[in-house]
Every structure is written in C-alpha cells, then in structure tokens.
Amino acid sequence: MMNFHLPSAQIVEPNWLARLSPEVAPDLVGCILVRQFSDGTLLRGMIVETEAYGPNDPACHAYRRRTQRNGAMFGPAGRTYVYLIYGVYYCLNIVTDQEDIGSAVLIRALQLQSIPSWVEPHEGAKQHRVAAGPGKLCKVLQINLTLNDQVLQPGQPLWLEHRPPQFIPNLIQTTRIGLSKGADLPWRWYLKDCSAVSKV
DNA sequence: TCTAAGATGGCA
DNA sequence: GCCATCTTAGAA
C-alpha cells in the first residue's frame, strides 16, 4: 500500500534462487549486486557473467563431499559462498538449489554503476574493467572470507536486485573458464558485446 | 604429514 | 606464454 508509487528495487528472494544452478545462472545476468560497506556506502554493479556449479559436476567444489571450505554450498539458497583461489584472490558465489545440495553460481564479472574512489586513477580507460573477473570484482567490492556464508538481503553487506522486466539480456552460453574437469559443460553465460565480461 | 593442483590475474 | 602465492583436499 505505502510507497506503491515509488520506484522500488525488486529484491531477489531465496526462493527464486532455490532452483538448479544452471537455471539460476542465466537468470542472474542483468541482476544488480549491491554491496553495502560498514560506513553505509553503497556500490552497485550489474552482473554480466556467471557460471553454474552443481551436483555430479566434477568441477564443483562440493563434488566429492562436504568440507570446511565448501560448507556454505550445502546451505539454503540465498547465501554467499566465498573462497580463496591460488592463495591470492577471492571468488564470490550465490548458493542455489535446496539445502544439502552442494551447488552455487559463480559471479564472474560486474559492470559497476560507478567507479569507487579507491580505484587507482591510473586505471584510466580500463576503469570499466575493474570488476571484469571473479577475483577482480571481489577486490573492488572488498569481499573476503568474512563475507562467506552470509545471507543476501538488504541491510547485510551484500544483496541482489532483479533486472528490470523490460531488460531482456542478449545472452551467450558457452563453456566454463579455467577448468581441467567438467570443462565440456556449457554452464557459462555472459552479456553479448559487453566490455565488462572477464573474457569474450 | 606430505604434496599436487587450483572456478586467477598481471606482466613479458 | 609464464608464474607468484598459499590453501585445500586427497593420498600415504
């Protein structure tokens, strides 16, 4: 009733994410990832590239069994799964499907709504690519292990907003990047002709 | 306990 | 094309 006339973002709810990861991954392209820092500052970016990981998928961190690292993947949909890769970078996933099913969608690239002040000016013309890659986007959004297994909802450090219904993304579906196992599955999606994807 | 490999990214 | 860097998981 109240505020019905105001433009309000449609928040992505856990139920919407409680589907098979290869169904959720393309639907997340075009959605907005919102980062709220401890001082209240907001940073928004459109998801332009995703990958799905799920059961019976040898590339999935949860493929063999539940471990301390991958525990969040077995939790309910709508939470985060953050892990450290190569001892250097963090990667952000959105947990999908039912509880006890180890599955998630890796967020591989964002197109930022604005460039935060802490991005070095020398990035210059490449500023549109500061979140073009799973490690890069975690760096610019200041995502680390403290954001692992966190609920995605407004007021938390991270949440998701639906893409506008009139925006129909032009999606390319192809194989995932950087894998030695499960490399044949076409479970990567990205926005066609988008300069902010990790790799064309 | 030991070790190979990794859902990366930057630089030559 | 090469490699820094270090955690993790699986093997022994």
Side-chain angles (χ1 to χ4, degrees), chain A residues 17 20-29 31 33 45 47-75 77 79-97 101-112 115-116 118-150 152 158 171-191 194-200:
Chain A
L17 297 165
L20 299 178
S21 58
E23 293 180 21
V24 175
D27 287 351
L28 277 175
V29 175
C31 290
L33 178 68
I47 298 172
V48 296
E49 180 179 351
T50 59
E51 285 180 0
Y53 291 85
N56 306 314
D57 166 16
C60 180
H61 286 175
Y63 179 58
R64 291 178 180 274
R65 60 199 175 86
R66 193 171 189 151
T67 65
Q68 184 162 27
R69 177 173 71 156
N70 67 24
M73 293 186 87
F74 292 88
R79 301 176 72 98
T80 58
Y81 167 50
V82 179
Y83 67 92
L84 179 65
I85 183 71
Y86 295 111
V88 183
Y89 298 99
Y90 296 99
C91 291
L92 170 69
N93 294 254
I94 309 300
V95 176
T96 56
D97 214 318
I101 306 287
S103 72
V105 172
L106 172 68
I107 307 301
R108 286 196 54 92
L110 299 176
Q111 185 167 302
L112 296 183
I115 305 299
W118 55 86
V119 172
E120 295 293 333
H122 77 260
E123 297 274 356
K126 302 240 184 238
Q127 283 199 342
H128 64 113
R129 292 187 56 79
V130 293
K136 294 171 79 176
L137 76 89
C138 283
K139 184 181 175 190
V140 72
L141 293 193
Q142 299 177 22
I143 292 170
N144 56 39
L145 289 184
T146 66
L147 295 190
N148 180 45
D149 204 11
Q150 300 293 304
L152 290 155
L158 290 167
L171 285 180
I172 304 293
Q173 179 179 7
T174 180
T175 52
R176 298 173 294 182
I177 290 182
L179 308 180
S180 63
K181 295 167 292 189
D184 51 321
L185 291 172
W187 283 3
R188 173 179 175 236
W189 290 266
Y190 65 90
L191 255 191
C194 177
S195 64
V197 300
S198 71
K199 191 179 170 190
V200 183

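As the structure is a prediction and not an experimental result, all values here were calculated from the model. Every chain is numbered from 1, with letters handed out A, B, ... down the list of sequences.
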Need one value for A/R176: base, sugar-phosphate or nothing, where a base atom within 4.0 Å counts as base even if backbone is also close, heavy atoms only.
nothing
Starting at the 5' end of DNA chain B, what dot-bracket string do you get if Watson-Crick and G-U pairs under 3.5 Å are bracketed, crossing pairs use [ ], other-strand pairs use | and unpaired bases use dots?
||||||.||||.
Round to a whole Å and report the spacing from CG of A/D57 to P of B/dG6.
14 Å
Value in whole Å for how far the P atom of B/dA5 lies from CG of A/L179
16 Å
Measure the distance from CG on A/L84 to C1' on C/dT7 and round it to the nearest whole Å.
6 Å
Between C1' on B/dT8 and CG on A/L106, what's the gap in Å once rounded to a whole number?
11 Å
Would you indicate, yes or no, if B/dG9 has its OP1 or OP2 atom less than 4.0 angstrom from a side-chain nitrogen or oxygen of A/R129?
no
Kindly compute the distance separating NZ (A/K181) from CG (A/L185), expressed to the nearest 0.5 Å.
13.0 Å
Answer yes or no: are there more than 12 heavy-atom neighbours, outside A/D184 itself, under 6.0 Å from its atom CG?
yes
Quick one: which of A/T96, A/I94, A/L28 gives a side chain to side chain contact (heavy atoms under 4.5 Å, CB included) with A/S21?
A/T96
To the nearest angstrom, how far is A/I107 atom CD1 from B/dA7 atom P?
17 Å
Does C/dT8 have OP1 or OP2 sitting under 4.0 Å from an N or O in the side chain of A/H61?
no
Hey, is the side chain of A/S180 poking within less than 4.0 Å of OP1 or OP2 on B/dG6, counting only N and O atoms?
yes
Atom-to-atom span, OH of A/Y83 to C1' of C/dA9 - whole angstrom
15 Å
Between atom NZ in A/K199 and atom P in B/dA7, what is the gap in whole Å?
15 Å
The test is side chain to side chain contact (heavy atoms under 4.5 Å, CB included); show your working for A/L33 and A/L92 and say whether it passes.
CA-CA 11 Å; A/L33 178 68; A/L92 170 69; 3.7 Å; yes
Go through residues 85-96 of chain A and report each residue with a non-hydrogen atom lying under 4.0 Å from DNA chain C, sorted by number.
A/Y86, A/G87, A/V88
Determine, stepwise, if the pair A/Y190 / A/T50 fulfils side chain to side chain contact (heavy atoms under 4.5 Å, CB included).
CA-CA 6 Å; A/Y190 65 90; A/T50 59; over 6 Å; no
Starting at OH of A/Y63 and ending at P of C/dA9, how long is that distance when rounded to a whole Å?
16 Å
Nearest 0.5 Å, what's the CZ-CZ distance between A/F74 and A/R65?
10.0 Å
Give a yes or no on whether the ring-centroid distance for A/H61 and A/Y83 is below 6.0 angstrom.
yes
Would you say the side chains of A/T80 and A/Q150 form a donor-acceptor pair under 3.5 Å?
no
Under the rule for side-chain hydrogen bond (donor to acceptor under 3.5 Å, both in side chains), what residues qualify as partners of A/D57, not counting sequence neighbours?
A/R176
